[in-house]
Amino acid sequence: GLAPDLAGRHVVVSAGGTREPLDPVRFLGNRSSGRQGYALARTAVARGARVTLLAANTALPDPAGADVVRVGTTVELQDAVLKAAADADAVVMAAAVADFRPVTYVTGKIKKKEDRDPEPIALTRNPDILAGISADRPRPGQVVVGFAAETDDVLANGRAKLARKGCDLLVVNEVGESKAFGSDGNEAVVLTAGGREVPVPYGPKEALADVVWDLVAESLG
Ligand code: C5P
């Protein structure tokens, strides 16, 4: 992907993982490093795009040439996506998004009580950002891409998720003990809404990113 085939395009990429605070020192979160999203941002810059990177709790240096917006929670990420996607040609949701958040945020640190079992943590659903923008595109004709981490029945679950979310492309990763999270490489299958399956062999996260941008560019025409 050396050709500037994304010149004149605005792409939005989310990266990292959202965190839902319980109290000032604790949160519900996940193990996403943000590396795949950052690889998507770097490769899109290299292909000529204007890139907005929505970074959720990452500890990576800002990619040169991208506009970086930092977010914490799922609701903050949703606000940032809706704002950035208004004039975007493509939205790629590579972030691992917390599906639930605690019902209440405790303003002082939750104390351990020596003689009592802990209170259960009540959770409520977060909005599904990907399903929301797929159903109601902020800009007509924009390409929406999701990611899915599956541990079993990867293709069947991926195909069902693509249909459920309503996105154009779904990058399906098989995850396990040592796969994908925090590693330099990735292996995936990209499913298209048109029924194609594009396998991407194990390799650098940039290689998978370039396959995604190839398909996005093709879809944009
Ligand atoms: O349903 P699941 O979490 O497996 O879907 C993963 C995809 O959906 C990712 O692209 C993720 O960024 C997106 N997602 C979202 N909002 C949520 C949950 C997931 O946009 N609440």
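In each ligand, atom 1 is the first atom listed, and ligand 1 is the first ligand listed. Atoms considered below: every heavy atom in the structure, side chains included; atoms not considered: hydrogens, waters and symmetry mates.
Between the side chain of D23 and the main chain of I110, a donor-acceptor pair closer than 3.5 Å is present. Checked by atom type and distance alone, the side chain of S219 never pairs as donor or acceptor with a backbone atom of L215 at under 3.5 Å.
H10 and D89 are not linked by any side-chain donor-acceptor pair at a separation below 3.5 angstrom, with hydrogens and angles left out of the test. Under 3.5 Å, the side chains of E20 and N126 contain a donor-acceptor pair of N or O atoms. Using modelled atom types, one finds no donor on one side chain facing an acceptor on the other under 3.5 Å when comparing T151 with E174. A donor atom on one side chain and an acceptor atom on the other are found under 3.5 Å apart for Q36 and N186.
Annotation: atom 16 (N) of ligand 1 to nearest protein heavy atom, I129 N, 3.1 Å. Regarding atom 20 (O) of ligand 1, its nearest protein heavy-atom neighbour is L130 N, 2.8 Å. For atom 1 (O) of ligand 1, the nearest protein heavy atom (residue, atom name, distance) is K165 NZ, 2.9 Å. Considering only non-hydrogen protein atoms, atom 9 (C) of ligand 1 sits nearest to F147 O, 3.0 Å. Among protein heavy atoms, the minimum distance from atom 2 (P) of ligand 1 is reached at K161 NZ, 3.5 Å. The nearest heavy-atom contact from the protein to atom 10 (O) of ligand 1 is M93 O, 2.7 Å. In terms of protein heavy atoms, atom 18 (C) of ligand 1 is closest to D99 OD1, 3.2 Å. Of all protein heavy atoms, the one lying nearest to atom 17 (C) of ligand 1 is V97 CG1, 3.4 Å.
For a threshold of 3.5 Å applied to N or O pairs, the pair formed by A148 and ligand 1 contains no separation below that value.
Counting heavy atoms closer than 4.0 Å to ligand 1, residue N126 contributes nothing at all.
More than 12 heavy atoms of other shown residues, nucleotides or ligands fall within 6.0 angstrom of atom OH in Y105.
Distances below 4.0 Å separate heavy atoms of G146 from the following atoms of ligand 1: 10 (O). Taking a cut-off of under 4.0 Å to the non-hydrogen atoms of P127, the atoms of ligand 1 that pass are 16 (N), 17 (C), 21 (N). Atom numbering of ligand 1 starts at 1 in the shown order; those under 4.0 Å from a heavy atom of A95 are 11 (C), 12 (O).
Both L40 and Y38 sit in one connected hydrophobic cluster of ILVMFWY residues. Membership requires side-chain heavy atoms under 4.5 Å apart, directly or through other members.
Note on R47 versus D5: salt bridge recorded, some NZ/NE/NH1/NH2 to OD/OE distance being below 4.0 Å.
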